[in-house]
Amino acid sequence: MQDPAVWKPQREAKSSRKASLPDGIRIYAIGDIHGRKDLLALQLAQIEADERLYKCARSIVVFLGDYIDRGPDSRGTIDLLLAFARKREVVFLKGNHETFIPRFLADPRSLDEWRSFGGLETLVSYGLRPSLSRSHGDHERLSRELRDALPTPHRAFLESLPLSFTCGDFLFVHAGIRPGVALQEQSEDDLLWIREDFLDHGLPFEKFVVHGHTPVRAPDVRSNRANIDTGAFATGRLSCIMIEGPDIVPLIDTRDWTGSDRSQPRTRR
C-alpha cells in the first residue's frame with residue numbers, strides 16, 4: 001500500500017443540511033501527529049486556551065490516529081497522549097501507522113515495508129539502533145529488542161485503538177470511508193487506508209466525516225467531510241478543529257497569536 005505525502009486539491013461537495021453535534025457537547029479533533037510531541041504539546045495548550053475563552057459543558061478530544069513514525073519522538077508522543085488521557089475525556093482512533101508495531105512484533109520481516117513509512121525513526125525513539133542491513137537475522141533482533149523496550153501501556157494503547165467514533169451527525173475516522181457501503185459494513189482496510197475513492201466523492205455520506213491521512217496545506221472543510229491532516233512531521237503544523245453544534249472552526253496556532261488575535265484563538269468564518 002502506498003502512503004505518499006501529497007497535497008492535492010479536492011472537489012467541493014454539496015449538501016442540503018448541516019451536520020450537528022448534540023447540545024452541550026464540544027469536540028476538538030486533532031490530525032496526524034507522526035511523532036511530533038513538540039507540536040502535540042502546543043496543540044493541547046491551544047485547546048486549554050480555547051476552553052478558557054469559550055466555556056462549554058462537556059468537551060471531548062478526538063485524535064485521528066498516526067501517532068508514530070516519520071517524526072523524531074514517537075515514544076514521547078504516546079507518553080504525552082497517555083498522560084493527557086488521565087485528566088481529560090479523549091478518544092484515540094487507530095491510524096494505518098498503528099498497525100506496524102504489532103505486525104513487526106509478530107513478523108519481523110515486515111520491517112522492510114515499515115521502514116518506508118518512517119518506522120526506523122520510531123525504533124530510534126525507543127532507544128534501538130537499527131542498521132541498514134536487511135538480513136532476516138537483524139530484523140529478528142530488532143523485533144526482540146522492541147518487544148523488550150516497548151512499555152506495557154504503549155503496547156496496550158496500540159492494541160486497543162478503535163477504528164471510528166460517532167457523535168451526533170459526525171463520524172471520526174483516520175482515512176475515510178468507502179462510498180456506497182453502510183457505516184457498519186466498512187472494512188478496516190478502507191477506514192485506515194482509503195484515498196481517492198473517498199476523497200473524490202462529492203455527495204453526502206451517512207455522517208459528516210472528519211478524517212486525516214491525506215496531507216493538505218490547511219484544514220479542508222467541505223460540506224460532506226473535513227480533512228485535518230496538515231503533514232505535521234514535514235510542515236511543522238499540527239491542526240485541530242473545534243466542532244460545536246453545526247459549527248466547525250479551525251483553531252489558530254498559538255504561535256500565530258498577535259495583537260487582538262491573542263484574545264480570539266479561533267478563526268472566524
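Quick note: residue numbers are just sequence positions, from 1. Since the model is a prediction, treat every value here as computed from it, not as a measurement.
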**Request:** Mark yes or no for whether H213, through its side chain, and W193, through its backbone, hold a donor-acceptor pair below 3.5 Å.
**Result:**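 Pair found, side chain donor or acceptor close to backbone of W193.
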**Message:** If we check side-chain contact (heavy atoms from CB on, under 4.5 Å) with D66, which of these qualifies: L93, I33, D32?
**Reply:** D32
**Asked** Which of these, T77, I78, I68, sits in a side-chain contact (heavy atoms from CB on, under 4.5 Å) with T122?
**Response**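 So, applying the side-chain contact (heavy atoms from CB on, under 4.5 Å) to T122 and each of T77, I78, I68, only I68 qualifies.
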Answer yes or no: is there a side-chain heavy-atom contact under 4.5 Å between [X] and [Y]?
X: C56; Y: E244; answer: yes
X: C240; Y: I47; answer: yes
X: P219; Y: T230; answer: yes
X: F208; Y: L21; answer: no
X: L111; Y: L120; answer: yes
X: V124; Y: P130; answer: yes
X: S59; Y: R88; answer: yes
X: T99; Y: K94; answer: yes

Over all atoms of both residues, closest heavy-atom pair of [X] and [Y]:
X: A19; Y: D169; value: CB-CB, 3.6 Å
X: L183; Y: E206; value: N-OE2, 3.0 Å
X: P179; Y: H201; value: CB-ND1, 3.6 Å

**Prompt:** How would you list, by chain and number, every residue that makes a side-chain contact (heavy atoms from CB on, under 4.5 Å) with P151, sequence neighbours excluded?
**Reply:**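 Testing P151 for side-chain contact (heavy atoms from CB on, under 4.5 Å), a comparison that skips the adjacent residues, returns R75, Y126, P153, H154.
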**Item:** Set of residues satisfying side-chain contact (heavy atoms from CB on, under 4.5 Å) with respect to D190, sequence neighbours excluded
**Value:**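 side-chain contact (heavy atoms from CB on, under 4.5 Å) check on D190 returns R178, Q186, S187, I194.
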**Complete:** Sorted by chain and number, sequence neighbours left out, ring-ring contact (aromatic ring centres under 6.0 Å, His included) with F104 holds for W114
Please set out all donor-acceptor pairs under 3.5 angstrom arising from side-chain atoms of residues 160-168, sequence neighbours excluded.
from : atom 1 : to   : atom 2 : distance (Å)
S160 : OG     : A156 : O      : 2.9
S160 : OG     : F157 : O      : 3.3

**Prompt:** Could you walk me through whether R103 and E113 pass the salt bridge (charged side-chain N to carboxylate O under 4.0 Å, His left out) check?
**Reply:** CA-CA 11 Å; R103 183 159 30 133; E113 180 184 13; 2.8 Å; yes
**Message:** Under 6.0 Å from the ring centre and within 45 degrees of the ring axis: does the NZ or CZ of R70 meet both conditions for the six-membered ring of F233?
**Reply:** yes
**Request:** Before giving the answer on side-chain hydrogen bond (donor to acceptor under 3.5 Å, both in side chains), spell out for S74 and E121 the whole-Å C-alpha distance, their side-chain angles and the decisive distance to 0.1 Å.
**Result:** CA-CA 8 Å; S74 292; E121 292 88 335; over 6 Å; no
**Item:** salt bridge (Lys or Arg N to Asp or Glu O under 4.0 Å) partners for E185, two or more places apart
**Value:**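 For E185, no residue satisfies salt bridge (Lys or Arg N to Asp or Glu O under 4.0 Å) once neighbours in sequence are set aside.
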**Message:** Before we go on, tell me: are the rings of F198 and H211 under 6.0 Å apart, centre to centre?
**Reply:** yes
**Message:** Taking the six-membered ring for Trp, are F117 and H97 closer than 6.0 Å centroid to centroid?
**Reply:** yes
**Request:** Only pairs at least two apart or in different chains count here, so list each salt bridge (Lys or Arg N to Asp or Glu O under 4.0 Å) that has a residue in residues 145-162.
**Result:** R141-E145, R155-E159
**Message:** What's the separation between atom CZ in R195 and atom CG in D200, rounded to the nearest 0.5 Å?
**Reply:** 12.0 Å
